[in-house]
Amino acid sequence: MPVIEASELTKTYGELHAVDAISFEVTPGESFGLLGPNGAGKSTTMRMIGGTTLRTSGTLLVNGLDPEVRGPEVRANLGVVPQQDNLDVELRARDNLIMYGRYFGLPYSYLRPRADDLLEFAQLTEKSNEKVDNLSGGMKRRLTIARALVNEPRILLLDEPTTGLDPQARHILWDRLFRLKEQGVTLIVTTHFMDEAEQLCDRLIVMDHGRIVAEGSPADLIRRYSTREVLEVRFGSDRNAALVDRLRSFADRIEPLPDRVLLYADDGERTLEAVRKDGLVPLTSLVRRSSLEDVFLRLTGRSLID
Amino acid sequence: MDTNALAYSGRAPDPARQAALVRRWGWWYQAELRLWSMKAYWSSIIGTALLTPLLYVVAMGIGLGSLVDATSGGIDGVPYLVFVAPGLLVSTVVMSATNETSYPVMAGFKWGRQYFARATTAASPAQVAIGELLAVGLRLLGEALVFWLVLVVMGAVEPTWSWLMVPVAALAGMAFGTPLAAYAATLEDEGPEFASIQRFVVMPMFLFAGTFYPLTTMPIYLQWIGWISPMWHGTQLARLFGFGLPLGGWEIVGHLAFLLALVGLGGWLAVRNFGRRLAR
């Protein structure tokens, strides 16, 4: 049985269709991603799963239960990592975990050792008695994730888990999330970072303007919507646009951006060679593998991060 | 650490049991957190609770009181200190309620956003609202108790019945605090609202609602300020218990009903507004 089943799920705010009749399922133990730019409806979808945003129409079941009707039962199975940290900043790190656990009816005798285990998992044992105000952004984020695990949820909802973190902090966090996945926890992740989606997600939906524009595994989506490689060339911002027509014959598809031109081809190096032979010498060039960013560009004509 | 135990230790009650407990006790967990986090500034709470009555009693009761007693022989047949003490107790607690239900509630939605964290637990928005108000009520009881003890020590009240001023003061505080908490829960941004309430509601109430002199000494067109003030209704009841101010049975019922109705209305609105804000 799927742990989450959404059918024609819709949320409107006045005229705005924040989430527009989307349907998807998540199976137990899966790592499921919602990828899209800001305002695509990812966070709204997440909040509807937790029952903290009420849907306008459609059906939604979490472990077979409607979160709007059986909120406490649904949320007792969920760990929620919100987009904005909302830790109790005046409390110490360890007390944040213990007091949050109280809201699941958990006794202190369970919570005290649990808090210590979670602090170790989050690499925050040293900071156990530190006030949250004094922790760095990455530490706060890890503490928020530790807090979400206090009730041993089978489903973890992570809304933009690494936004605002430096690369090292992101990698530490990804590693922690992998370990949870290995233990069978279902991860549901929203992100507008393609590398994060590629790292973390078995399967994802690409969202734009409240709708699902594509669904599949990262590799599958790249195969379907892009070429194997991408050649990025820059001729200077005044010449890029003028050369687009001449470049078109060298690639399967071409994507002119303000600062560079993307040429989609299976062999980037050979394409570059052909371009040079034609007498076009780019100021800089780069051959890389296709990513979810390219998929998104193909599907929507825009980049993920504006 | 056994990393396998991280996702499932086998020690936590199963989710259905967690949910059942929270459906029953969720309101208490919120009160527990709010009271527990007061631990950090415990000494300043006690210090303020002790110092406020001391300052008031010395300034109003003894300073101003000696003047009043010398010229008019007291008010309502008792020395001024005895007359003014219940009013000072009630108004201090109402003002404390104002502090506890304005900025802290806004902070929970706007700055620290902690209420949104509660909403992701098994607890419901209604339980969060009720627990928050309960914690404020308990704190007011504690502050009123300290105030009353100071009054007893200073000889401003007889201990036999006057302890009933303690719950009366907390009730008056909640009669103002619950509607204010409900209102604070609707504010999206910090504006002049709380400062205006302080200036145009709390201050006039403190000065014109019979704390320092009987309401009846005011011209009739100003007495309505007292009639609609939780402070006045609370003060009248506190005077009944403090020095036996003669009140008729219906007057007592009227004062109590007014305060209880405001607590009920404010509580209902707070539950509704917390719900709207935390699940929309």
Side-chain angles (χ1 to χ4, degrees), chain A residues 13 47 50-54 63 68 70-82 84-92 95-96 99-107 109-110 113-114 116-118 120-121 131 144 147-154 156-157 179-185, chain B residues 1-41 107-128 131 275-280:
Chain A
Y13 294 100
R47 287 198 306 271
T52 54
T53 287
L54 309 180
N63 286 323
E68 285 182 27
R70 305 288 301 279
E73 287 75 16
V74 165
R75 289 192 293 273
N77 272 300
L78 292 183
V80 178
V81 178
Q84 256 178 301
D85 285 329
N86 50 26
L87 295 158
D88 286 276
V89 288
E90 287 172 17
L91 300 187
R92 296 168 201 284
D95 295 338
N96 259 276
M99 294 317 287
Y100 190 78
R102 293 291 290 152
Y103 289 84
F104 292 92
L106 300 167
S109 59
Y110 162 82
R114 179 73 178 162
D116 293 331
D117 286 350
L118 288 172
E120 194 182 330
F121 166 76
K131 276 196 180 171
T144 304
R147 187 181 71 170
L149 293 170
V150 75
N151 57 320
E152 304 189 1
R154 302 309 295 154
L156 193 58
L157 304 181
R179 292 186 194 206
L180 289 169
K181 182 172 154 44
E182 281 169 4
Q183 293 164 39
V185 176
Chain B
M1 178 187 49
D2 175 10
T3 51
N4 277 320
L6 202 70
Y8 179 71
S9 73
R11 288 187 296 112
D14 72 87
R17 170 86 184 128
Q18 290 178 23
L21 271 169
V22 177
R23 274 190 187 274
R24 180 171 296 179
W25 294 107
W27 55 275
W28 171 248
Y29 303 137
Q30 175 65 31
E32 188 180 286
L33 176 85
R34 180 85 185 254
L35 293 169
W36 197 85
S37 50
M38 288 175 194
K39 215 173 58 170
Y41 48 103
F109 286 112
K110 169 94 184 138
W111 297 311
R113 301 174 56 83
Q114 282 85 15
Y115 292 142
F116 292 97
R118 315 296 172 241
T120 62
T121 68
S124 70
Q127 290 176 324
V128 173
R276 286 185 178 173
R277 196 83 182 265
L278 295 178
R280 51 169 129 191

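Throughout, a chain's letter reflects where its sequence line sits, starting with A, and its residues are numbered from 1. Because the structure is a prediction, the values reported are computed rather than measured.
Looking at A/Q84, the atoms closer than 4.5 Å to chain B (heavy atoms on both sides) all sit in the side chain, from C-beta outward. Only the side chain of A/R147 comes within contact range of chain B, with heavy atoms under 4.5 Å apart. Using a 4.5 Å cut-off between heavy atoms, A/N63 does not touch chain B at all. Neither the backbone nor the side chain of B/A16 comes within less than 4.5 Å of any heavy atom in chain A. Contact of A/L78 with chain B is not made at all, since no heavy-atom distance falls under 4.5 Å. Contacts between B/Q30 and chain A at a heavy-atom distance below 4.5 Å involve backbone atoms as well as side-chain atoms. For B/R11, the parts sitting under 4.5 Å from any heavy atom of chain A are the backbone and the side chain alike. With a 4.5 angstrom heavy-atom cutoff, B/W36 touches chain A only via side-chain atoms. Contacts between A/L156 and chain B at a heavy-atom distance below 4.5 Å are absent for every atom of the residue.
The cationic group of B/R277 lies under 6.0 Å from the six-membered ring centre of B/F109 and within 45° of the ring axis, placing it in a cation-pi geometry. Both cation-pi conditions hold for B/R113 and B/F116: the charged atom is under 6.0 angstrom from the six-membered ring centre and inside a 45 degree cone around its axis.
For the pair A/R102 (side chain) and A/L106 (backbone), a donor-acceptor distance under 3.5 Å is present. Between the A/N77 side chain and the A/P153 main chain, no donor and acceptor come within less than 3.5 Å of each other. Here the side chain of A/E90 pairs no donor or acceptor atom with the backbone of B/S37 at under 3.5 angstrom. Not a single donor-acceptor pair under 3.5 Å links the side chain of B/Q18 to the backbone N or O of B/A122.
Few gaps surround NZ on A/K181; more than 12 heavy atoms of other groups in view lie less than 6.0 Å from it. Summarising the local packing, CD of B/E32 is surrounded by more than 12 heavy atoms from other residues, nucleotides or ligands at distances under 6.0 Å.
Ranked by heavy-atom pairs under 4.5 Å with chain B, the first of A/L157, A/D85, A/N151 is A/N151. Interface remark: of the candidates B/T120, B/D14, B/L33, B/T120 forms the most heavy-atom pairs closer than 4.5 Å to chain A. Across A/T144, A/V185, A/L91, the residue that shares the most heavy-atom pairs under 4.5 angstrom with chain B is A/L91. Highest contact tally toward chain B, considering only A/V80, A/N86, A/V74, is held by A/N86 [criterion: heavy-atom pairs under 4.5 Å].
In the model, A/Y103 has a side-chain atom that pairs as donor or acceptor with a side-chain atom of B/R118 under 3.5 Å.
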